[in-house]
Each structure stands twice: as structure tokens, then as C-alpha cells.
2 protein chains.
Amino acid sequence: MKLAVPKEIWPGEKRVAVTPETVKKLKALGFDVAIEAGAGIDAAIPDDRFVDAGATIAKTMKTTVKDADVIFKVRPPVIDGKTNELTAYKKGAAVVALLEPYDRKDLIEAMAKAGVDGYSMELMPRISRAQSMDVLSSQSNLAGYRAVLDAAHEFGRIYPMMMTAAGTLAPARVVVVGAGVAGLQAIATAKRLGAVVSAFDVRPAVKEQVQSLGGTFIEVEDDTASDAETSGGYAKEMSDDYKKKQAEKLKEVLTKTDIVITTALIPGRPAPEIVTADMVAGMKPGSVIIDLAAERGGNVAGVKLGETVMTDNGVKLIGPANITSSVATDATAMYAKNLLNFITLSVDKDKGTLSFNGEDQIIAETRLTHDGKVVHPKFGGEEVANG
Amino acid sequence: MKLAVPKEIWPGEKRVAVTPETVKKLKALGFDVAIEAGAGIDAAIPDDRFVDAGATIAKTMKTTVKDADVIFKVRPPVIDGKTNELTAYKKGAAVVALLEPYDRKDLIEAMAKAGVDGYSMELMPRISRAQSMDVLSSQSNLAGYRAVLDAAHEFGRIYPMMMTAAGTLAPARVVVVGAGVAGLQAIATAKRLGAVVSAFDVRPAVKEQVQSLGGTFIEVEDDTASDAETSGGYAKEMSDDYKKKQAEKLKEVLTKTDIVITTALIPGRPAPEIVTADMVAGMKPGSVIIDLAAERGGNVAGVKLGETVMTDNGVKLIGPANITSSVATDATAMYAKNLLNFITLSVDKDKGTLSFNGEDQIIAETRLTHDGKVVHPKFGGEEVANG
């Protein structure tokens, strides 16, 4: 069995899909591991550390993936006018990556056509058996941490209260919108740094989690709020009435807020706009907003992906692109373990064989293409294929 | 009495010497306060907030300082081929600022020649009565906080230990060199963020302070160590034998360290080189060093002021220039209060008069020039002038 890890070529992507630690474990499962030269360098993993762990280093993407049964990636294979990485893959190969299925119908069809089986890590079911493979959680966790640090970097004040001989500096006031994995980690990190933290979420169920981290839960009185969570634990889109009440409350809170971190995502939909231009205009000069939903269109009016926008009233709007690459070493460590755990499921270690069981919920819900066909019912497949 | 605050023109300087809060108090002391337009903008203080506090806004530096009895600044008045700010000051005016007396003999002489009395805030005696005027402490405190945040920003990992479904991330290991005000705040901030922190200092007296913040004190066995502190609480330069022992110990520690923050300064001398090229070469790829002594030549071999240098073995060396300007709003708040407290000492509020008492230790030790002469004995003055 051969497992290949090409170098990521997406602009700004610093993560890689394996670490020396997971290479050792993949070897123990029976894989030969080939890694493209320099694949780990941006995550502070030089090639020789991969070699020490038992991998071979290949010079190009093509030689890396040649004859591989499994290809581990972070970003989707590139298919554009110039490049079609899929043509380098063996027919029947499995590619395991963040395949962006909601946005990349073209890629799903191209994978089917190339006879490549695509496993989309975004679609990992939120069941306890799959927790150790949950890439969205592991990466969101780091994004939440990093958002607080990035805000601190742009903020002209400090987070903690400081009492000195020359007087007292008040603690920063932080509001987190969306208390999912990223939001909860943002709350925890801002609290660690001494900020006063409040959080907004449409799901009343997370109130206790927010409070257990020392945050204040900002409540919007509304009857529909109790029905705001999908079975997967994500937030649903809310009623217009709820949104209006939320907006009024949020506007008032933000006039006294220094740092806002927004994390509100609805799977397969553009991110909802929650912080309006009007709310931003009511904030103090020097305030900072980090919009972690910027890659999905943003939660904040005026945010631009990958840019820092200074508003007329002196508020910095930041829309990070690929924030986990700013903590590439740890993001890689988590991502690589998630993928190791995922592939372990389909390896018979004694026989040294690979077989994806289409009846397993984890395989069925992540597999987009199989045997030259689109198989995922949500993305154009007619049925969940077996075997 | 007129007090003037020109806009800082030093490149990258974002602080300003007053806040709306201190303007109110200066007014209450009897000052008319004139501020140059836009002086507070980089510290997130728009002109209208100064006006609301009772200041008048002047269009240029010259109109701001015209006829002023006191000029508050952050950086020294600019005197170079093109500009001589001193010529705009009234004869007999007092300029209160960071005047860099150890490096700026030219400025001291120019102030004497211009008949301007220079009060150098770096020279504030470390006595309890002067604590609330101690600019070096208030700014170092913020520099120590910010160094930890800047390191986090450049570090490809996170500070805290994180235990997740996909495994555990180890906490970052931070070493702080020099446990003065900046070093202690760096220790406290890194601990807040969940790092494992150790500290080095030549003064054994600070061991308890390091430990009280949750840091480990790295000890160097040496007889001369007990004599390492000046009466002002600063570190002395150490013996060669001590330096050798320190170097051996530090080299060993740094091989296991992720983040290094150096803060070692000796007043009036270049900063001592403590972290050698050899030590840096022994560190792990991805490590980050922030050298807070970079403005005084640096504690770390290879550091360049205002730049980020990546070494051959993947260590980032950062030599921040003017780090407190990255937290300009809070740095301004502290600095402005320090200056307010300093000037309060010399105001007779009832009479509305200003008189600097040369017999007061605080005035005697900070005053460089008076009545057209250099008066500070350490900087070329023959005697401490009275009156």
C-alpha cells in the first residue's frame, strides 16, 4: 500500500497532511509513505525529519502520487486551466482532504470522471466514534485561539486589567458571536488573557458552556430560540423576528465593546450577516473585529477576505484567510492525526490491505465519489454506494 | 501657564504625551493646554475628544508650542539639518520627555544653548514618591506584555496545552532573560496564556518574584551573583566567569525552548549580548526570539532592529523598534499620567504658578539643562543647580 502526500500549493497554505509522528504510525499500518520535497517546511518540519520517521521524499507532485492508493492533502487537488492534479493520480486512488463539496461541484465531477474516490473531511459525521477524525473541530479550535491573538496584535490596548503606580488600565471587553468550537476557544483564550468576555449564540443550549468558561451569555428573548440547533449541533438560520431582536441587543452591546470575534457558519450556506454597518459605526475608535466567517462571505458588513479595513470611525475589520496556517505546526499536528485516525478505519493491518466499508456511517457520509460515479446523495449521487 | 503637546514625528511613534483625562487634570491645575492637530490619532484619540476635555487644537508644531511654559513630548525634540524644534520653544520653557541623555550629548548642548530646560524622564529616581512618574516602568510593563503577544503572532504553535479528541498539544516553553519590569510582565503574560515559563536574571533577589508568577528561576552557581544589583535596582555587568557559567546553562536550556524574550539592559551602556549565535544554532526550527533590548544593541546575536531575521536553522529573531507604540492607546494612558504626576509637583495651584524646586531629588535627578547651562553632573553639568 502506498500513501502519498504532495506539497500544498494553495496560496498561503502552510499546513501539510502528515507529521513525522503520523508517518511512523502509517508505516506501522503497512503503508509506504511518499512525501513531496519541502512539503512540511512551512509547518517547521524539514524533510529529514520525515525521512527519519520512515518516509521517502519525492521530487515532484507527479512522482509523489504515482501509483499511490491513498493521497493525503489539506486543500483540494488543483484543477484549473493550467493544472489538473487528478490526472497524476492512479485510477481508484482515494484522496482524503478538505474538498469543499458545497462549493466545488466541478471538482466532484472531475473526481468521478478521473475514477478517483474523494473523501471530504468537512462531512465527517458528528458522532463520538468520529471525534478523533473531526478536522473542522480540530482546526476551528486553533482558529478560535488565534483570532484572539490576532485581535490583540491589532489592538492598541492590552487585554488584562492592570493596576500600576500611575493608575489602572481597564480590561478589554470582548464579544464572541457564535459559541461553537472556535467561539468557545476564543472565549477561553480571551479570558486567559484577562478580558471581560460575553458571547452571543442562537442556541440557548450553549449558555452553560459559555458560562463555564467565565463568559457572560447575552440572551435574546424569543420563542423560536429553543429550536435553533440542527441534529449535527450546528446553528440553524433564524426567523426574521429573532434576527431583529438580536440586532437591537447586539448594537447596544457593541457600543461598549473593544474586540469582536465572529464565528457564525451555517453548513452549505453563505455565512449570515450579523454585525451590520450600522453596528460597526456605533463602535469606539480603536476597536477590532475579526471575522472568522470571512471565507464564507463574512458575518460582518464591510469585511474583506484577507484584508484589514479601517472604517471611518476608526474600527479595524479583519477577514482572515486561512487563519490556521498562522499556527501551521499545531494545525498540522491535529490535522495529520485526524487523517491518520480516519484511514486506520479502513486498513486491515494483518493482511496489509485497504478496504473502505461503504456501510460504515463515517465512510458513507464523507465519500463523494466511488467507482467513477458521484455517490454522495447530498452532492448529486443517487444512492449511498456500498462496498 | 501654557502647556503644549506637539504631534510626535519620530517614525513609527504612535504615542502622545496627554490624554483627554490628563488634559482635564492639567486644566484643573491652571494650565491652558494646546495640542497639535492629529497628535492623538494614532493612539485612537481624535482631536474632538481633546477639545471636549478643554484643550485647544493648534494647526502646526510652531503655533502649538508658541509661548508655552511647558512642552510635553514622548520623543526628544528633533534637531537635525532640516529641523530644529528647539528654536520654536520659548526661552526658559521646560520640555518633559524621553530625552535619551546617554546617547544625545548634542541635544543636551542644544537645549542649553536654546535656554530650554530639559527634564529627562529616563532619569526618574527609583524612589517610592516617584513611582507614579516612572515612565520606564510603565512603558516596560506594556513592552513585556506585548513581547509575549508578538512572539505568539510569529509562532506556528499555540501557547497552552490543549487536550483534544485527536490528541494533546504540548504547552509552549518560554524563557525570559532579565526579570525586571518588562521581564516580570512577560512571565505573567506567558503564564496566563498557558506556557511553561522559566526566567534568567543575574540578581538572585528576583528569584522569589519569578516564582510568585509561576515561573521557574534558572540558577547559575556563582559567588559574584549576590552583588549583581545596583542601588537603583538595575542589574550590574557581571564577571567573565559568571558569564561563562551563565552561557553554558542557557545554551542547554535553549535547546528545549520555543520562545525567548530578552530584556537585559544596563543603564548608559550598550545591552549585553547574552544569547550567542551558537545558542541560537542549537534551537529548534520554528522557535521565536524577541529581543526587547534591540534598541540598545540587542541581547541576541544576529538581531536587527525593526526586522525579523530567519536563521539557517529556522529560528525567527525579532528586534522590535518602539514596541510600546503597538499598544499606543494604553501606553499613552500610562505615559500621560506619569507626566501629569511629574508636573503636578511643580505647580502652585492656588497661585497658578510653576516653579521647579532644584532641591527636590526628583527635579535634581531629571533636569539636564537650566538657565542656559547643562546642570546634570552625570551629563557634563558641574553641579546640581538650585532653584
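Proteins get letters first, then strands, A, B, ... in listed order; numbering begins at 1 in each.
- Heavy atoms closer than 4.5 Å to chain A are found in the side chain of B:Met162, but not in its backbone.
- Looking at heavy atoms from C-beta onward, B:Asp258 lies in side-chain contact with B:Lys284 at the 4.5 angstrom threshold.
- Residue contact with chain A, scored on non-hydrogen atoms closer than 4.5 Å, involves the side chain of B:Leu142 exclusively.
- Salt bridge annotation for A:Asp42-A:Lys14: absent, with no cationic side-chain nitrogen under 4.0 angstrom from a carboxylate oxygen.
- With a 4.5 Å cut-off on non-hydrogen atoms, B:Tyr145 touches chain A through its side chain but not through its backbone.
- No part of B:Thr22 comes within reach of chain A, as not one of its non-hydrogen atoms sits under 4.5 angstrom from that chain.
- In terms of heavy-atom proximity, B:Ser325 sits nearest to B:Glu13 at OG-OE2, 3.2 Å.
- Contact annotation: the side chain of B:Thr257 never approaches that of B:Thr255 to less than 4.5 Å [non-hydrogen atoms, C-beta and beyond].
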Walk me through whether A:Glu8 and A:Arg15 qualify under salt bridge (charged side-chain N to carboxylate O under 4.0 Å, His left out). CA-CA 7 Å; A:Glu8 297 295 320; A:Arg15 293 170 292 177; over 6 Å; no
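- Contact annotation: the side chain of A:Val196 never approaches that of A:Met161 to less than 4.5 Å [non-hydrogen atoms, C-beta and beyond].
- With chain B as partner, the option from A:Pro46, A:Pro160, A:Ala170 having the largest number of non-hydrogen pairs under 4.5 angstrom is A:Pro160.
- For chain A, the option among B:Lys337, B:His153, B:Met133 with the highest count of heavy-atom pairs below 4.5 Å is B:His153.
- In this structure, the portion of A:Thr168 lying under 4.5 Å from any heavy atom of chain B is its backbone and not its side chain.
- With a 4.5 angstrom heavy-atom cutoff, B:Ala152 touches chain A via backbone and side-chain atoms both.
- Neither the backbone nor the side chain of B:Tyr335 comes within less than 4.5 Å of any heavy atom of chain A.
- Proximity of B:Val260 to B:Val288: side-chain heavy atoms (C-beta onward) are nowhere separated by under 4.5 Å.
- Looking at B:Val315 and B:Leu317, their side chains come closer than 4.5 Å, going by heavy atoms from C-beta outward.
- For chain A, the option among B:Thr332, B:Leu149, B:Leu169 with the highest count of heavy-atom pairs below 4.5 Å is B:Leu169.
- For A:Ser138, no part lies near chain B; criterion is any non-hydrogen pair under 4.5 Å.
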